[in-house]
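Right, one structure below, let's go through it.
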Amino acid sequence: MESALNPYSPGSGRRPFELAGREGEIDAFDLLLAKTRQRRPDRGIVLHGLRGVGKTVLLNEFRRQAEHAEFMVVSLEGRDAEGGPEAVRAKLARNLLQAGRKLNRRGAGAKLIAALGSIASFSAKLGVSGIDIGVNLNHGRADSGSIEVDLEELIEDLCGALAENRTGLVFIIDEMQDLDDGLITALLSAQHLANQREWPFYIAGAGLPNLPSVLSEARSYAERIFNYRSIGALTREAAESALVVPASRYGASFAPEAKELLLTASGGYPYFLQEYGYAAWETAPEKLVTLGDAEVAVEIGRAQLDQGFFPSRWKRASTAEKSFLRLMADDGDAGSSTAELALRAQKKQSSMTMTRASLIDKGIIYSPALGTVAFTVPGMADYVKRLRD
């Protein structure tokens, strides 16, 4: 089939042609915006799940929804390659300035102009300059030097102005579990205060399966200030839609056995469906994808995953960490007991603690429960086994 028409889009955060199986999350965020327009603020939303399940795609969808509703939207990613916590906070300040610049247009009221001055004060205190938003610093607001105090004052000022137009402020935060403790605490405190005082401020965050516990450890009330949504593999019906509908829009279809093979190989994970669907389109000479085409597509798709998706995690691991991952691979994706891993390695459990902690810090594994670890990426166990074989 014609490559230029290939409707599948494997890639990080790229919206698929058919965003299937996530209607509940999209509707929940749309309801949040609608309630705000009725001056009935609600809780923020936190998405948690393995990598490759489409959390970033959903966050991007939330952003589109909020911008369409003329909300002020500020995006942030928890993990920063260089610079540490200071770089992430500086990024927050720059994104606030950019969003504020968009709001400072003809007709902006005095209250909004004053609130934009709080953004300027907040950013200046963090050492961020060079983005002129056309207002003076709001001295005495959001400039104390305490991230918790300043963020609360900033959000209070912005929400007071935005509420007059029945809109609000949304922080879109990806990889939220990687934020530094101080910033997580400040964000949770601000969301808690917003809930109590009915400010139209919402965090729409996403992260690994352990994100809810990370937030609860930072603030005990975190479990009550968000609508938590577990994002996993698609249902059979949704996975079939994600695979079949894009092709059908161009007159292509799948033989039943071909469809079954691709769905099984993907495990219902959105990223894998896009990878295998893309390979099937490129492989099939005719508009009916046969079993033979699907078999080739699975091989090509898996090879593509083995060249990019999985190695990006594997290569970040040290020699000791790779040994730890090989031990985990014997248990599959279900997870491993750290005590059992120590027995297999014929080591004391305490001697493996630093290795385990480093792998968690790198985002390669996580701890779903006390004394257990699991891969953050579906299919990683099979990849490690393929490397070993």
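By the rule that hydrophobic residues join a cluster once side-chain heavy atoms approach within less than 4.5 Å of another member, L33 and V74 end up as members of separate clusters. Note on I147 and L158: same hydrophobic cluster, where clusters join Ile, Leu, Val, Met, Phe, Trp and Tyr whose side-chain heavy atoms are under 4.5 Å apart, directly or indirectly. Under a hydrophobic clustering in which Ile, Leu, Val, Met, Phe, Trp and Tyr are joined whenever their side-chain heavy atoms come within less than 4.5 Å, directly or via other members, L58 and V73 fall into the same cluster. Cluster membership check: I184 does not share its hydrophobic cluster with L47, using side-chain heavy-atom separations under 4.5 Å among Ile, Leu, Val, Met, Phe, Trp and Tyr. Follow the hydrophobic side-chain contacts under 4.5 Å out from F171 and you reach M176 in the same cluster.
Contact of the K111 side chain with the L116 side chain is not registered, since no non-hydrogen atoms from C-beta on lie closer than 4.5 Å.
Ionic pairing of E61 and R64 is present here: one or more N-O contacts between side-chain nitrogen and carboxylate oxygen are shorter than 4.0 angstrom. Remark: D143 does not engage K125 in a salt bridge, criterion side-chain N to carboxylate O under 4.0 Å. Checked for salt-bridge contact, K362 and D178 miss the test: no charged N lies under 4.0 Å from a carboxylate O. Here D157 pairs with R141 in a salt bridge; the nearest charged N to carboxylate O distance falls below 4.0 Å. Using a cutoff of 4.0 Å between basic side-chain nitrogens and carboxylate oxygens, K55 and E175 are not scored as salt-bridged. A salt bridge links D306 with R386: at least one charged nitrogen is closer than 4.0 Å to a carboxylate oxygen. In this structure, E70 does not pair ionically with R37, as no charged nitrogen and carboxylate oxygen lie closer than 4.0 Å.
More than 12 heavy atoms of other residues, nucleotides or ligands shown are found within 6.0 angstrom of OH on Y366. Heavy-atom contacts from other residues, nucleotides or ligands closer than 6.0 Å to NZ of K385 number more than 12.
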Would you give me the side-chain donor-acceptor pairs under 3.5 Å for residues 128-139, sequence neighbours excluded?
{"residue": "D132", "atom": "OD1", "partner": "G134", "partner atom": "N", "Å": "2.9"}
{"residue": "N138", "atom": "ND2", "partner": "A114", "partner atom": "O", "Å": "3.1"}
{"residue": "N138", "atom": "ND2", "partner": "S118", "partner atom": "OG", "Å": "3.0"}

Review item, side-chain donor-acceptor pairs of residues 375-384, under 3.5 Å, at least two apart:
{"residue": "T376", "atom": "OG1", "partner": "G363", "partner atom": "O", "Å": "2.7"}
{"residue": "T376", "atom": "OG1", "partner": "I364", "partner atom": "O", "Å": "3.2"}

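Considering R197, H192, Q191, E198 as possible partners of N195, the one that fulfils the side-chain hydrogen bond (donor to acceptor under 3.5 Å, both in side chains) test is Q191.
With hydrogens and angles left out, the side-chain atoms of D150 and S144 include a donor and acceptor closer than 3.5 Å. Between the side chains of S123 and R94, no donor N or O sits under 3.5 Å from an acceptor N or O. For the 3.5 Å distance criterion, the side chains of S189 and E148 qualify, holding a donor opposite an acceptor. Counting only N and O atoms by type, the side chains of E67 and Q65 include no donor and acceptor under 3.5 Å apart. If you check the side chains of S358 and D361, you find no donor sitting under 3.5 Å from an acceptor. One side chain, T36 or Y202, offers a donor N or O that lies under 3.5 Å from an acceptor on the other.
The heavy-atom pair separating T167 from A69 by the smallest distance is CG2-O, 3.8 Å. Closest non-hydrogen pair, P16 versus S9, comes out as CA-OG, 3.8 Å. Contact detail for L327 and A345: the closest heavy-atom pair is CD1-CB, 3.6 Å. The two atoms that bring P10 and Y271 nearest to each other are C-CE1, 4.4 Å, heavy atoms only. Heavy-atom minimum distance, L103 versus L112: O-CD2, 4.0 Å.
The aromatic rings of H48 and Y228 stand perpendicular to each other, their planes meeting at an angle above 60°, with 30° marking the opposite boundary. Using bins of under 30°, 30° to 60° and over 60° for the plane-to-plane angle, the ring pair W281/Y250 lands in the perpendicular bin.
For S336, the side chain to side chain contact (heavy atoms under 4.5 Å, CB included) partners two or more places apart in sequence, or in a different chain, are M328, D331, L341, V373.
Judged by the 6.0 Å and 45° rule, R229 forms no cation-pi pair with F226.
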